[in-house]
Amino acid sequence: MDAIELLLTRQSCPRLIAPAPDEDQLNTILSAGMRVPDHAGLTPWEFIISTGDGLEKLGELFVAASKAAGEDETVLVKVGNMPLRAPMVITVVAKVVEHPKVPVLEQHIAAGCACMAMQQAAFALGLGGIWRTGGLAFNQQLHQDLGLSADDQIVGFLYLGTPAVNAPIKPLKSADHLVRYL
Ligand SMILES: Cc1cc2nc3c(=O)[nH]c(=O)nc-3n(C[C@H](O)[C@H](O)[C@H](O)COP(=O)(O)O)c2cc1C
């Protein structure tokens, strides 16, 4: 797949099954994440990989965080199973530092670019992925349990695996109504 084809056809895949990316594929995916625009070279991100037992652990952390937020039993069961929707989840964290020229927003954007680049790499490798967030991305208990610092922010849970079905490529949206010239 060439680069333009990737950019024009990339799409998310919510239904993911084993196998997870293998070691080589994961290295490629992580390297793509490291290739993103990065003002002042801060690399303001961290990738927390869950696979195998790690998915169960992530589910347990989701349950603990949701319990702390006062969620009911139905929600607790749901969140506990969420990481099991794929054979690998990469929690993409913006590791924010204070910098005179790089505001927090730019560091969040850079971490988001890393998440996007990793999804694109997975897609180009014939794998599937979907970038998810939800309330847990902003849950302080979860941040603590994952060992994040106070200013860090989860920008995405990148679910990766093998597409369960070969979904047709969705039609491309037109940019016409979103573009203007000065
Ligand atoms: C920051 C961010 C957070 C997202 N969070 C979720 C989410 O929690 N759940 C979800 O189903 N989709 C979420 N999405 C959207 C999906 O990643 C995906 O883009 C959407 O389903 C459209 O599919 P497509 O990528 O094939 O166009 C999020 C996207 C972004 C950029």
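Ligands are counted one by one from 1 in listed order, and the atoms in each one are counted from 1 as well.
In this pair, His39 and His99 present their aromatic rings tilted. The plane angle is within the 30 to 60° band.
To the nearest 0.5 Å, atoms NZ (Lys78) and CG (Asp72) are separated by 11.0 Å. If you take CG on Leu136 and CG on Leu58, they are separated by 9.0 Å, rounding to the nearest 0.5 Å.
Using a 4.5 Å cut-off between side-chain heavy atoms of Ile, Leu, Val, Met, Phe, Trp and Tyr, with links allowed through other members, Phe157 and Leu160 fall into different hydrophobic clusters.
A donor-acceptor contact under 3.5 angstrom links the side chains of Tyr159 and Arg85, judged on distance only.
A donor-acceptor distance shorter than 3.5 angstrom exists from the side chain of Gln25 to the backbone of Asp22, with no hydrogens or angles considered.
Closer than 4.0 angstrom to ligand 1 by heavy atom are Arg10, Gln11, Ser12, Ile130, Trp131, Arg132, Thr133, Gly134, Lys170, sorted by chain and number.
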